[in-house]
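Only a predicted model underlies this, so the values are computations on that prediction, with no experimental measurement involved. Just so you know, ligand 1 is whichever comes first in the structure, and atom 1 is the first atom listed for that ligand.
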Amino acid sequence: MRWSMKGYIFDLDGVLVDTAKYHFLAWKRLASQLGIDFTIEDNEKLKGVSRKDSFEIILSLGGREIPDSEKEGLMDFKNKWYLDYVHSMDHSEILEGVEDYLKHLKEKGAIIILGSSSKNARLILEKVKLINYFDYIVDGNIINKAKPDPEVFLKGASLAGINPNECIVFEDAQAGIDAAKAAGMKVAGVVHSSELNGYDVEIRTFKSETPYLL
Ligand code: B16
Ligand code: MG
């Protein structure tokens with residue numbers, strides 16, 4: 001199958017870099033302080049999900065209720081711990097084959113867009129030195145509705161002045177795949193270990209030749 005798309009939209013966490021492990025460590029620290037047992041399996045439920053929604057999932061796993069007035073402060077602690085990890089990131093944390101693929105797309109003249117729920121996306125792209133590949137960045141700071149709402153991807157297409165059906169989204173999380181389909185885009189499922197459904201093509205690693213067919 002060969003598709004020639006105009007826009008290539010990349011999720012960040014789990015597609016370009018593996019920051020899920022840092023989210024896990026920071027959430028686990030907060031969960032422990034709240035007396036909630038939070039496992040690596042539970043962490044799968046947070047992939048692609050906004051910070052606020054992630055915290056609600058953790059609270060419900062622990063059967064805990066916390067006044068809304070305290071939630072922001074607790075999420076700020078989590079983000080500070082997460083950023084301690086992010087600040088030590090460098091170029092070596094880019095997932096296998098990603099940079100070669102971005103180079104390939106640039107040479108083809110494709111439009112490269114970031115579509116991430118993360119409010120830390122720009123900082124992470126700068127730390128790993130991928131930021132210059134991106135023509136447009138849509139992140140958690142400029143969207144109102146988190147994945148699986150299609151807003152993040154539709155905004156990317158609209159900034160680039162292209163139609164949704166001219167875009168393919170690379171996603172590793174079910175919420176993101178659902179968002180991309182709801183946007184009317186093609187989806188490449190970047191499959192690590194968890195089960196995903198609803199994508200059009202599967203990619204295990206960008207090192208394989210699969211992406212070059214797109
Ligand atoms: P932050 P993505 C998502 O990024 C992560 O997958 C998800 O685990 C995280 O909760 C969310 O970003 C918000 O991140 O706390 O940095 O704003 O996969 O959409 O690139
Ligand atoms: Mg992701």
Side-chain angles (χ1 to χ4, degrees), residues 8-31 38-59 61 71-87 89 93-95 98 112-128 130-131 134 136-156 169-180 182-183 185 187-196 198-199 203 205-206:
Y8 290 74
I9 307 184
F10 293 84
D11 171 52
L12 175 69
D13 293 338
V15 170
L16 304 178
V17 288
D18 175 22
T19 36
K21 60 190 180 207
Y22 301 139
H23 279 296
F24 172 67
L25 292 169
W27 280 127
K28 179 135 185 92
R29 185 167 168 183
L30 183 62
F38 178 61
T39 66
I40 192 84
E41 289 77 31
D42 296 330
N43 196 52
E44 289 299 311
K45 302 187 184 85
L46 311 188
K47 290 191 174 172
V49 176
S50 71
R51 192 182 307 172
K52 188 169 174 298
D53 291 347
S54 298
F55 192 32
E56 295 297 344
I57 291 171
I58 291 171
L59 290 173
L61 283 170
K71 287 180 182 166
E72 280 301 326
L74 292 169
M75 286 190 290
D76 285 349
F77 279 124
K78 181 267 169 180
N79 195 51
K80 188 188 154 301
W81 299 325
Y82 175 63
L83 286 178
D84 287 341
Y85 295 109
V86 168
H87 282 298
M89 288 178 81
E93 297 219 30
I94 300 170
L95 291 175
V98 163
I112 304 179
I113 301 166
L114 188 84
S116 169
S117 305
S118 174
K119 293 185 172 170
N120 300 302
R122 256 178 205 279
L123 172 67
I124 295 167
L125 287 181
E126 278 165 9
K127 294 294 296 177
V128 301
L130 284 182
I131 196 143
F134 287 84
Y136 301 96
I137 292 178
V138 184
D139 65 16
N141 297 298
I142 60 167
I143 52 169
N144 298 309
K145 294 183 219 130
K147 300 169 187 175
D149 189 280
E151 183 188 3
V152 61
F153 299 133
L154 290 174
K155 195 161 236 160
V169 175
F170 294 85
E171 255 294 349
D172 71 313
Q174 195 59 51
I177 291 172
D178 296 344
M185 298 177 178
V187 190
V190 182
V191 179
H192 301 298
S193 50
S194 56
E195 279 205 11
L196 298 174
Y199 50 75
I203 288 178
T205 151
F206 281 93

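Residue Tyr82 has no N or O atom closer than 3.5 Å to an N or O atom of ligand 1. Considering backbone and side-chain N/O atoms, Asp13 comes within less than 3.5 Å of an N/O atom of ligand 1. Polar contact check, Ser118 against ligand 1: a nitrogen or oxygen pair lies under 3.5 Å apart.
Listed by atom number, the atoms of ligand 1 under 4.0 Å from Ser116 heavy atoms are 2 (P), 4 (O), 19 (O), 20 (O). Using a 4.0 Å cut-off to heavy atoms of Leu12, the atoms of ligand 1 that qualify are 20 (O). Listed by number with element, the atoms of ligand 1 under 4.0 angstrom from any heavy atom of Leu46 are 7 (C), 8 (O). Close approach to Asp11 involves these atoms of ligand 1, each under 4.0 Å from a residue heavy atom: 2 (P), 18 (O), 19 (O), 20 (O). Counting atoms of ligand 1 from 1 in the listed order, those under 4.0 Å from a heavy atom of Asn120 are 1 (P), 16 (O). Listed by atom number, the atoms of ligand 1 under 4.0 Å from Lys119 heavy atoms are 1 (P), 16 (O), 17 (O).
Closest to atom 15 (O) of ligand 1, if we only count protein heavy atoms, is Arg51 NE, 2.8 Å.
Applying the ring pair (Phe, Tyr, Trp, His ring centres under 6.0 Å) criterion to Tyr199, with sequence neighbours excluded, gives no partner residue.
Between the side chains of Asn79 and Asn120, a donor-acceptor pair is found at a separation under 3.5 Å.
Using a 4.5 Å heavy-atom cutoff, the side chains of Leu95 and Asp18 are in contact. Inter-residue side-chain proximity for Glu171 and Leu196 is flagged as unmet; no heavy-atom pair is nearer than 4.5 Å.
Residue-environment remark: NZ (Lys71) exceeds the threshold of 12 foreign heavy atoms within 6.0 Å. Shown here is Lys127, whose NZ atom has more than 12 heavy atoms of other residues, nucleotides or ligands within 6.0 Å.
When every heavy atom of Ala20 is checked against every heavy atom of Asn43, the shortest pair comes out as O-ND2, 3.5 Å. Nearest heavy atom pair, residue Phe206 against residue Val15, reads CE1-O, 3.8 Å.
Proximity of a side-chain donor or acceptor of His192 to a complementary backbone N or O of Gly14 within less than 3.5 Å is detected. Remark: side-chain polar atoms of Lys147 are not paired, donor with acceptor, to backbone N or O of Ala173 under 3.5 angstrom. Judged by distance alone, with hydrogens and angles left aside, the side-chain atoms of Ser117 form a donor-acceptor pair with the main-chain N or O of Gly48 at under 3.5 Å.
If you look at Val49 next to ligand 1, the close heavy atoms, those under 4.0 Å, all belong to the backbone.
Residue contact check for ligand 1: Lys147 places a non-hydrogen atom closer than 4.0 Å to it. Contact between Gly48 and ligand 1 is present, with at least one heavy atom of the residue lying under 4.0 Å from the ligand. In this structure, Ser54 has a heavy atom closer than 4.0 Å to ligand 1.
With respect to Phe38, the ring-ring contact (aromatic ring centres under 6.0 Å, His included) criterion is satisfied by exactly one of Trp27, Phe24, Phe55: Phe24.
Distances shorter than 2.8 Å separate the Mg ion (ligand 2) from the protein N/O/S atoms Asp11 OD2, Asp13 O, Asp172 OD1.
For Tyr82 and Tyr22, the distance between ring centers is not under 6.0 angstrom.
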